[in-house]
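These figures come from a predicted structure and were not determined experimentally. Quick note on labels: first sequence line is chain A, next is B, and so on, each numbered from 1.
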There are 2 protein chains.
Amino acid sequence: MSADRKPYHRETEDTRRQALITATLALVAEGGAQAATVRAIAQKAGVTAGLIRHYFQGKDQLIAAAYGHLMTRMTADSAADLSKAPHDPTARLAAFVAAALSPPVVDGQALILWATFLQETHRDPAMRQTHAQTYLAFRDQLQSLIADLPALKGAQDPRRLAIACNAVIDGLWMEGCALPEAFALGELVEIGLRAVGAILGTDLSGQGMRDLAQTTDANKKVKT
Amino acid sequence: MSADRKPYHRETEDTRRQALITATLALVAEGGAQAATVRAIAQKAGVTAGLIRHYFQGKDQLIAAAYGHLMTRMTADSAADLSKAPHDPTARLAAFVAAALSPPVVDGQALILWATFLQETHRDPAMRQTHAQTYLAFRDQLQSLIADLPALKGAQDPRRLAIACNAVIDGLWMEGCALPEAFALGELVEIGLRAVGAILGTDLSGQGMRDLAQTTDANKKVKT
DNA sequence: CTATCAATTATCCAAATGCATAATAAGGCC
DNA sequence: GGCCTTATTATGCATTTGGATAATTGATAG
């Protein structure tokens, strides 16, 4: 009567943690927080539920780890192209904006993930810290790129400019994630470059659109 | 042994529905979606859990009703000052932006509520419809205000301008909700007016800041 | 004052959930 | 090849949740 035990083989701690985190993100993206039960996570990760407690103190800690993983990945994706971007400050800023408004940063699942985790941010102090860190890191990076622009030699308040530009990017990111079919390919980037350029009094469209081709191509590779 | 039954008096259908919706919103704002259990909602509304099923088909329908209530309230708040705003198109746009970036629209609980409901939007078709309606309604209103501006007589694509301005407002709204302590009083409005003005090539700051006083006063009254 | 109706409460239930603990086997070491 | 560690599975449990149904009571009409 006793059914056979599930066969398995042992994996690295890192492998298992990663599998559990990936499964958590996938489930949350598909069906919201309520879909990410310990049993569902374990099944999607190809293990049994008990193993979660073996690698994490509890479900909450796994959720927090998944959130950190997501945010790290998103900020890394936004800054990825920056390393191979030219030294011209204007072009660098344009590349940054373009990357933040293209896949894989702009992604239908990303918004749900972000929104789902946002509420947890208010209860769990660890998640709140992750939130504040990644959020301000992004804005600081943007502010630093803006400060490097030759056009505005301390003319205006760089903090407020960064806040405004960050708002444009965030807002467009949201729209692009929520209503992807409402925008033509590259339209979001163009709107973003024009808006940020207008706020800063600098023309970014030329620079940005030139980089868009390689940016999009690179992202296509990542997407598949 | 049998404890006394809870005394009660009958209320209007509208009163009870409203009480349940208010309780739902309060709970979600406090502790996220998971805090809004039927029992908790009923307790906060001063009734017993069974009554929820008497006025709503189920918990999901109550959640959807609460979401609709929230979105209706927020869009109404954004457009409230518009009715008593001057006829000057520039001033009207400035008033609209200022209202969207001031309390009660900008509110710490509003962001959590919005984020929490966003994920439900993906499962429940009714909620998705509410989402699309309120979202596009806001953007259409903004686009119509922009189109009335004398400065850009069909010069540029009004749709893209509206998208960009909407993004600024959304992004600043998020920042203001998430990190209210990071902005001085009226700073968010000023940043928003400057950014929107820059995108549209029109000066809004003068108009907007002049209106800010009455706007803020009016909102203070609403807040209490 | 009484009968009636439905608004409201009370009780029960099946399912799901997170967690704890016991059982087992996979893989490395000697 | 046998043993030992522990990664992994299997089982059980208390709690919670949403929903169904029965019991009761407050109001209203006649």
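A donor-acceptor pair under 3.5 Å is absent between the side-chain atoms of B/Arg17 and the main chain of B/Ile21, judged by distance alone. Looking only at distances, no side-chain donor or acceptor of B/Ser83 sits under 3.5 Å from a matching main-chain atom of B/Ala79. Proximity of a side-chain donor or acceptor of B/Gln61 to a complementary backbone N or O of B/Gln57 within less than 3.5 Å is detected.
For B/Arg10 against D/dG26, a side-chain-to-base donor-acceptor contact under 3.5 Å is present. Not a single donor-acceptor pair, N or O on each side, falls under 3.5 Å between the base of D/dA7 and the side chain of A/Arg16.
Between A/Lys6 atom NZ and D/dA7 atom C1' there is a gap of 13 Å when expressed in whole angstrom units. For the pair B/Leu51 CG and D/dG26 P, the interatomic distance rounds to 15 Å; values are reported in whole Å. The NZ-P distance, from B/Lys59 to D/dA20, rounds to 15 Å in whole Å. If you take CD of A/Glu11 and P of C/dA25, they are 19 Å apart, rounded to a whole angstrom. Separating the CZ atom of B/Arg17 from the P atom of C/dT8 is a distance of 12 Å, rounded to the nearest angstrom. One can place OH of B/Tyr55 at 9 Å from P of C/dT9, the figure rounded to the nearest angstrom. Summarising the geometry, the separation between CG on B/Leu20 and P on C/dA7 is reported as 14 Å, rounded to the nearest angstrom. Between A/Ile52 atom CD1 and D/dA7 atom P the separation is 16 Å, expressed in whole Å.
Ring geometry for B/Trp173 versus B/Trp114: interplanar angle over 60°, hence perpendicular rather than tilted (30 to 60°).
Between C/dA6, D/dT8, C/dT9, one nucleotide has an atom nearer to the side chain of A/Arg5 than all others, and that is D/dT8. Closest contact between the side chain of A/Thr48 and the listed nucleotides D/dG19, D/dA10, C/dG18 involves D/dA10. Distances from the side chain of B/Arg39 to the nucleotides D/dG19, C/dT8, D/dG26 place D/dG19 closest.
Looking at A/His131 and A/Gln133, their side chains never bring a donor and an acceptor atom within 3.5 Å of each other.
Where B/Thr37 and B/Tyr8 meet DNA chain D, the nucleotide closest to each residue was compared, and B/Thr37 sits on the side nearer the 5' end. The residue among A/His54 and B/Asp60 whose nearest nucleotide of DNA chain D lies closer to the 5′ end is A/His54.
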